[in-house]
Amino acid sequence: MNSGSDSVFMGYTRADGSVGIRNHLLVLPSVVCANDTAARIALQLNGAVYVTHQHGCAQLPSDAAQTKRTLAGFGANPNVAACIVVGLGCETIQAREVAEEISKITTKPVAHLVIQEEGGTLATTAKGVRIGREMLAEISLLHREEQPLSKLILGLECGGSDAWSGLSANPAVGNASDRLIRAGGTSILSETQEMIGAEHLLAKRAVNPEVAERLFSVVRHAEEGALADGVDIRLANPTPGNRQGGLTTLEEKSLGCISKAGTEAPLQEILAFAEHPSRHGLIFMDTPGHDIESITGMVAGGAQVILFTTGRGTCTGCPIAPVIKVCSNTPTFERMSDNMDVDAGPVIAGTKTIDDIGKALFEEMLRVCSGKSTKSEDLGYGSFAINRIGPTQ
């Protein structure tokens with residue numbers, strides 16, 4: 001990033017026109033049965049990252065489709081420069097199919113390995129390491145270039161919220177999101193269950209009645225789905241941890257959640273879990289409130305960077321996208337300084353305004369997009385979880 005500039009960042013130009021802010025080689029298992037082999041491959045490749053998950057087989061068709069979309073989206077994310085998909089061979093979601101889906105979205109180097117065809121774990125690992133070394137050599141030649149902010153997709157997340165979250169960190173993130181969208185970028189808000197009681201306020205910003213009704217529909221579906229399982233979300237939330245942090249009602253929590261969407265950007269569209277935005281500006285993705293699943297969905301949808309607010313403190317990171325932690329209060333920021341990146345507590349102390357912290361956060365985000373590491377990256381955190389919508393077969 002040019003010194004003092006808030007209109008560009010330094011990223012990797014991909015052949016499909018997207019821009020990465022990291023240059024990862026991702027080793028991706030298509031099924032739970034391939035987790036260990038994928039890890040063996042990645043751990044022998046300096047610079048590779050990997051994920052593990054519990055899915056890929058014994059799923060209902062709609063659930064399998066969502067898992068496949070999530071895996072392909074993760075592999076296609078612009079922060080991934082090359083990808084190796086590893087499968088077992090007899091699973092529902094085949095490694096070859098995931099690799100093909102990634103190749104439909106992007107032209108990055110993609111390979112797939114099938115353990116049953118390669119002759120077992122050791123043979124698959126040896127081949128994967130050889131392919132991975134060739135990929136790492138190739139992507140090491142890529143370099144950062146100046147990029148417009150219209151190439152950025154930002155994910156908005158909160159977790160371990162407290163009474164200060166909706167007063168300091170969340171509106172500061174909203175301020176940063178407004179700045180990005182004003183510059184042509186895109187922000188994704190998520191966590192459907194944490195919209196309950198405040199969805200009408202966000203719906204007023206929808207670009208048309210269809211988008212507003214779609215928002216009401218996904219929130220209603222989330223609440224009714226829980227009721228069908230005998231759970232009233234309005235009674236289950238705020239969580240015990242939220243209550244210990246001073247949150248009193250679900251509506252109070254929801255008002256804090258939607259403040260991450262800023263105050264001015266129109267709501268452009270509603271996405272299903274792990275779908276890619278078709279428009280620029282403010283987007284909503286239908287995800288659970290579960291932090292890791294929500295982040296996974298947004299990153300699979302193309303988000304390159306995450307702004308994550310917390311008041312109680314959380315350690316979450318993502319394997320392929322930097323997660324910038326924004327703490328709502330200074331005592332937690334200082335107590336968990338190994339995990340927190342930005343302190344929004346001065347808003348509570350009255351020494352800084354929302355606009356002050358929002359501007360500082362926006363500038364920090366551009367530094368991170370240009371290569372600065374976050375605390376979760378320094379610690380090697382890389383949580384990954386796919387939302388499950390049906391029973392195991």
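Note that the numbering runs from 1 along the sequence shown for the chain.
In terms of modelled atom types and a separation under 3.5 Å, the side chain of S168 and the main chain of S328 share a donor-acceptor contact. Between the Q66 side chain and the I389 main chain, no donor and acceptor come within less than 3.5 Å of each other. A donor-acceptor contact shorter than 3.5 Å links the side chain of K260 to the backbone of C257. Side chain of H53 to backbone of P29: a donor-acceptor contact under 3.5 angstrom is found. Not a single donor-acceptor pair under 3.5 Å links the side chain of D229 to the backbone N or O of V231. At least one donor-acceptor pair under 3.5 Å links the side chain of E199 to the backbone N or O of G197. Looking only at distances, a side-chain donor or acceptor of S140 sits under 3.5 Å from a matching main-chain atom of A137. No donor-acceptor pair under 3.5 Å is formed between the side chain of S294 and the backbone N or O of H290. In terms of modelled atom types and a separation under 3.5 Å, the side chain of S18 and the main chain of R14 share no donor-acceptor contact. Judged by distance alone, the side chain of K68 and the main-chain N or O of E101 form no donor-acceptor pair under 3.5 Å.
Nearest heavy atom pair, residue E91 against residue C57, reads CA-SG, 3.7 Å. The two residues I233 and A222 have their closest heavy-atom pair at CD1-O, 3.8 Å. Listed here is the closest heavy atom pair of S190 and M195: O-CE, 4.0 Å. Residue A81 comes nearest to P109 through the heavy atom pair O-CD, 3.3 Å, listed as atom of the first residue, atom of the second, then distance. Heavy atoms only, all atoms of each residue included: L267 and I283 are closest at CD1-C, 4.0 Å. The minimum heavy-atom distance between A176 and F362, with the atom names listed, is O-CD1, 3.7 Å.
Looking at heavy atoms from C-beta onward, N79 lies out of side-chain contact with Y12 at the 4.5 angstrom threshold. Using a 4.5 Å cut-off on side-chain heavy atoms (C-beta onward), D341 and V326 make no contact. Within the 4.5 Å cutoff, side-chain heavy atoms of I188 are placed close to those of I153. The closest side-chain heavy-atom distance from T249 to K253 is not below 4.5 Å.
For the side-chain contact (heavy atoms from CB on, under 4.5 Å) test, residues two or more places apart in sequence or in another chain that qualify with A99 are V85, V110, H112. Looking at residues two or more places apart in sequence or on another chain, you find a ring-ring contact (aromatic ring centres under 6.0 Å, His included) between F384 and F74.
Of the inter-residue distances, the one linking T67 atom OG1 with I386 atom CD1 reads 5.0 Å to the nearest 0.5 angstrom. Note: S376 OG to Y381 OH = 9.5 Å, rounded to the nearest 0.5 Å. Between the CD atom in E117 and the CG atom in L88 there is a gap of 10.0 Å [rounded to 0.5 Å]. One finds the CZ atom of R69 at 13.0 Å from the NE2 atom of H276 (value rounded to the nearest 0.5 Å). The distance from the NZ atom of K325 to the OG1 atom of T310 is 8.0 Å, given to the nearest 0.5 Å. Distance check: I324 CD1 to E157 CD gives 14.0 Å after rounding to the nearest 0.5 Å.
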Evaluate the side chain to side chain contact (heavy atoms under 4.5 Å, CB included) criterion for residues T353 and I357: first the C-alpha distance (whole Å), next the side-chain angles of each, then the deciding distance (0.1 Å), finally the verdict.
CA-CA 6 Å; T353 66; I357 300 297; over 6 Å; no
Apply the test side chain to side chain contact (heavy atoms under 4.5 Å, CB included) to residues Q59 and T92: give CA-CA distance (whole Å), side-chain angles for both, the deciding distance (0.1 Å), then the verdict.
CA-CA 8 Å; Q59 293 183 269; T92 303; 5.9 Å; no
So E363 and K359, salt bridge (charged side-chain N to carboxylate O under 4.0 Å, His left out) or not? Walk me through it.
CA-CA 6 Å; E363 292 170 347; K359 182 174 186 296; 2.6 Å; yes
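Test I21, V51, V49 against I320 for side-chain contact (heavy atoms from CB on, under 4.5 Å) and you get one pass: V49. Between L149 and the options T186, L180, V8, a side-chain contact (heavy atoms from CB on, under 4.5 Å) holds for only L180.
Counting non-hydrogen atoms of other residues, nucleotides and ligands closer than 6.0 Å to CZ of R133 gives a total of 12 or fewer.
In this model, no donor atom of one side chain and acceptor atom of the other lie less than 3.5 Å apart for T287 and E191. N387 and E293 form a side-chain donor-acceptor contact under 3.5 Å, judged by distance and modelled atom types alone. Side-chain contact of T332 with N329: a donor-acceptor pair under 3.5 Å is present, judged by distance alone. For E194 and S254, the side-chain atoms include no donor-acceptor pair closer than 3.5 Å. A donor and an acceptor atom, one from each side chain of N242 and D162, are nowhere located under 3.5 Å apart. Using modelled atom types and a 3.5 Å distance limit, the side chains of T192 and D286 yield a donor-acceptor pair. Between N170 and T309, the side chains place a donor N or O and an acceptor N or O closer than 3.5 Å (distance only, hydrogens not considered).
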